[in-house]
Each structure stands twice: as C-alpha cells, then as structure tokens.
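Below: the structure, in structure tokens.
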2 protein chains.
Amino acid sequence: MTTTIEQPSRDADRTRAAILFAAQQIFAEKGFAEAGVRDITALAGVNPSLVSRYFGGKLKLFEAALDAALDPRLMTNLPKENFGKLIVARFADEDDRVSPLPMMFRAAGDSEARAITARLLRDRVFEPLQIWFGGDIAAVKAARFMMVSLGFFAYRDQLPLAEFAGPVEPSLRAWLESEFQAIVDD
Amino acid sequence: MTTTIEQPSRDADRTRAAILFAAQQIFAEKGFAEAGVRDITALAGVNPSLVSRYFGGKLKLFEAALDAALDPRLMTNLPKENFGKLIVARFADEDDRVSPLPMMFRAAGDSEARAITARLLRDRVFEPLQIWFGGDIAAVKAARFMMVSLGFFAYRDQLPLAEFAGPVEPSLRAWLESEFQAIVDD
DNA sequence: TCCTTATGTAAACACTCGTTTACTTACGTC
DNA sequence: GACGTAAGTAAACGAGTGTTTACATAAGGA
C-alpha cells in the first residue's frame with residue numbers, strides 16, 4: 001500500500017508561507033501599489049483577510065516578501081578574481097529566481113514602501129557588501145556597486161528598448177563586467 | 001500714475017500653465033500614484049475638474065509635465081572634452097530646477113505612467129544622445145550613459161544613506177566624472 | 001463524544017480618488 | 001447695455017481599496 005502523509009486541511013504555517021510566496025510573485029510583477037491584497041490571496045488560494053491577520057497588513061507583508069527575496073550571499077559568495085564576469089552572469093542570465101530589483105523599483109511610488117526598501121537595501125545588501133569588500137574605501141566600493149547594479153536594472157526594467165531586449169548586447173556586457181571587476185580590484 | 005497691465009481674472013492659457021507647473025512640483029515630490037489631482041490643483045489654486053478639461057485626465061497631465069521637464073540639450077550642449085566634470089556638476093549640484101528623474105522613478109509603480117516614462121525617455125533622451133555621440137557604437141555609448149545616470153539617481157533617490165547625504169563624496173564624484181568622460185572618449 | 005480553540009470565510013465598512021455633471025460667473029461682442 | 005460663450009466652481013458619482021467584524025468549521029484533547 002502507498003503511504004501518503006496525511007496533511008491537515010488547515011495549517012497556519014503553510015497558509016502563511018503560501019501568502020508570502022504569492023506576494024513575492026505579485027509584488028514583483030505589479031509593484032506595491034498595483035498589487036492588490038485580493039490578487040495575492042487569490043493566487044495563494046486563501047481569504048484576503050488573512051493578510052491582516054498573519055502579517056499585520058499589506059505593508060508588513062511587503063516587508064516580509066522583500067526581506068525573504070534579499071540574499072547578500074548571492075554576491076558575496078563569488079570569488080573576487082572573477083567577480084565581474086560572474087556577477088553579470090548572475091544578474092543578466094538568471095530568470096528562474098524572483099529578483100528583488102523589480103519589486104524595489106516598482107515600490108518607489110509608495111512613500112512607506114520606499115522607506116522599507118531603503119532600509120532593507122542598506123541593512124541586507126549595502127552593509128554586507130561593505131564588509132566583504134573591506135579596506136579603507138569599502139564604503140565607496142559598495143556605493144559604486146550599488147550604482148552600477150541599480151543602473152543596470154533600472155535600464156533593463158524601465159527602458160524596454162527594442163534593440164536591447166533579450167540578451168545583453170556583447171560589448172555592453174563586457175563593459176559591465178569590467179565595471180564590476182574594477183570595483184574589487186581598485 | 002503707475003500703469004498696471006490689466007490681467008483678466010479668467011485666462012485659460014495661464015490656468016493651464018499654472019496646473020502644469022504645479023504638476024511638475026507635486027509629481028516630483030510625491031510620485032504619480034501619491035500625487036492627487038486635488039493636491040496639484042490646490043497648489044495651482046484652481047478646481048480639480050480642470051485637470052480633466054484641460055489635459056484629458058491625470059495620466060495625460062503627467063505626460064505633459066514630464067515632457068516639459070525633459071530637455072536633452074542639458075546634456076548635448078556640453079563640450080566633449082570636459083563632458084565628465086560638467087555633466088556630474090549638472091546632475092549633482094543643480095537643485096533649483098525640477099529634475100525629471102525623481103518624477104520618473106516614482107512613477108514606476110503605475111504601469112501606464114511607466115509606459116509613458118519609457119517612451120519619453122527613449123524619444124527625448126536616448127535617441128538625441130545616440131545622435132550626439134555618433135559613430136558606430138553610439139547605441140552602446142547611449143546605453144552606458146543611461147545606466148550610469150540612472151544608477152546615480154536611483155542611488156541618491158532610493159538609498160538615502162546618512163554617510164552619502166548632502167554633497168557627493170569626493171572620490172565617488174571623481175569616479176563618476178571618469179565614467180562619463182570615458183563614454184565620450186571611447 | 002463533546003467542547004474549546006485555532007483556522008478560514010463572507011460580507012460589509014470606511015475611505016480615497018479621478019472624473020463627470022449641473023450650475024454660476026466673468027469676459028468680449030453686437 | 002444685453003447677451004452668448006468661455007472659464008471656473010461645487011458637489012456628487014462610481015469604482016476600487018485595505019481592513020474589520022461576525023460567523024462557520026475543522027482539529028485535537030479531556
């Protein structure tokens with residue numbers, strides 16, 4: 001006989017996780033303002049009121065979703081001798097993962113969500129990067145990294161030019177790689 | 001006797017201009033979504049219904065306000081031998097003018113406003129820059145310019161770090177200048 | 001088996017916002 | 001000076017939103 005693990009039809013932890021997962025998808029796709037609580041809970045298959053009960057409201061849900069999507073190790077676990085090539089590959093090629101960048105850019109319209117974004121970006125990305133870079137100009141290095149990264153994603157996300165859709169143009173990609181490599185080499 | 005120019009208390013052109021000016025201020029300050037029609041018309045001192053009558057709605061008003069704020073000559077009228085220093089000075093130091101960048105970033109949350117932003121950015125900035133750069137890699141140069149510019153403004157606007165508030169840190173500024181200069185020199 | 005509690009749902013609430021409609025008023029013209 | 005039209009206003013409309021409240025029900029121990 002096949003033993004199936006009996007799952008209770010009501011599980012708060014699982015419901016909470018389903019809402020958080022759906023929130024990452026919808027927030028990244030529609031942005032904070034246009035993403036409705038009803039959209040998120042419909043994707044999760046639960047009732048809209050559970051957002052308030054489990055997360056304390058839409059804004060807190062956004063904070064939890066963005067926090068879960070941010071992982072500084074995606075950058076700081078790369079070898080510094082090949083940092084440029086590898087970080088560009090990670091930024092430009094991986095589409096399977098929910099990127100936190102669209103979520104961030106499209107939350108810029110809401111002042112409260114923008115404040116949360118700024119805080120998480122500083123604590124979860126900027127500070128770890130600064131420590132990882134090290135040295136007396138670590139802060140400037142981290143700033144340069146943020147500028148190039150934000151510029152790349154803003155360009156891709158907000159300026160959908162036909163000639164730059166799809167894969168990144170080779171010489172542009174080479175320039176980006178050298179930019180990132182120069183940050184760790186300086 | 002002092003001759004005062006008699007102004008009629010009702011002037012459609014003046015009212016239209018007042019709404020457009022107020023819209024630039026409010027949109028840049030609050031973003032598209034959080035900027036209410038009532039906020040804009042209150043600043044202009046007119047009735048909210050005039051937005052629909054004179055501009056055809058809030059979205060069309062945003063398009064007109066952004067279009068009026070975009071001026072490619074602010075970049076293409078600079079001498080190429082000192083382009084880096086001068087463009088950074090223009091970006092970092094001028095606070096008196098209504099910058100279109102906050103307007104653009106804080107409209108990213110609304111899908112329709114984002115589409116308008118993308119189109120205007122391409123037609124009014126990217127294309128003129130590409131022509132101005134010239135040569136066979138003009139498109140890549142224009143793309144690099146957009147990335148560095150967007151990165152700088154996104155960093156300043158969305159990541160209000162205490163250590164980088166106020167004037168740009170000198171070595172960071174020098175790096176930005178060399179980045180822009182390299183685009184025209186390559 | 002009963003009963004308490006956690007889990008989930010449905011519906012209404014309260015509020016905001018862009019827009020439209022009906023009305024008022026000042027200006028230019030005959 | 002009366003009148004028609006353009007300019008402006010006030011108020012309500014209608015749709016959408018996050019959240020709360022009241023109620024239903026499955027789970028698990030006594």
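Within every chain, numbering begins at 1; the chains are lettered A, B, ... in the order of the sequence lines, protein sequences first and strands thereafter.
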*How long is the line joining CG of Asp110(A) and P of dT17(D), in whole Å?*
14 Å

*Rounded to whole angstroms, how far apart are CD1 on Ile19(B) and P on dA7(D)?*
12 Å

*asked:* Given 3.5 Å as the limit, does a donor-acceptor pair link the side chain of Arg106(A) with the main chain of Glu29(A), or not?
replied: yes

_Nearest-Å distance for atom pair NZ/C1', residues Lys30(A) and dG16(D)_ = 13 Å

*asked:* Angle between ring planes, Phe126(A) versus Tyr155(B), binned at 30° and 60°: parallel, tilted or perpendicular?
replied: tilted

*Is the shortest heavy-atom distance from the side chain of Leu61(B) to the side chain of Ile40(B) under 4.5 Å?*
yes

_Using OP1 and OP2 only, check whether a side-chain N or O of Thr15(A) sits under 4.0 Å from dT7(C)._
no

*For each nucleotide in nucleotides 17-26 of chain C, reading 5' to 3', give B when a protein heavy atom comes within less than 4.0 Å of its base, S when such contact involves only the sugar-phosphate, and - otherwise.*
BBBB----BB

*Rounded to the Å, how far apart are Ile26(A) CD1 and dG18(D) P?*
12 Å

*Reckon Tyr54(B) touches a base, only the sugar-phosphate, or nothing at all at heavy-atom distances under 4.0 Å?*
sugar-phosphate

*Locate the shortest heavy-atom distance separating Ile87(A) from Leu74(A); write the atom from each residue and the value.*
CD1-O, 4.5 Å

*asked:* Can you tell me if Lys60(A) has over 12 outside heavy atoms packed within less than 6.0 Å of its NZ?
replied: no

*Under 30°, 30 to 60°, or over 60°: which ring-plane class applies to Phe145(B) and Phe83(B), parallel, tilted or perpendicular?*
tilted

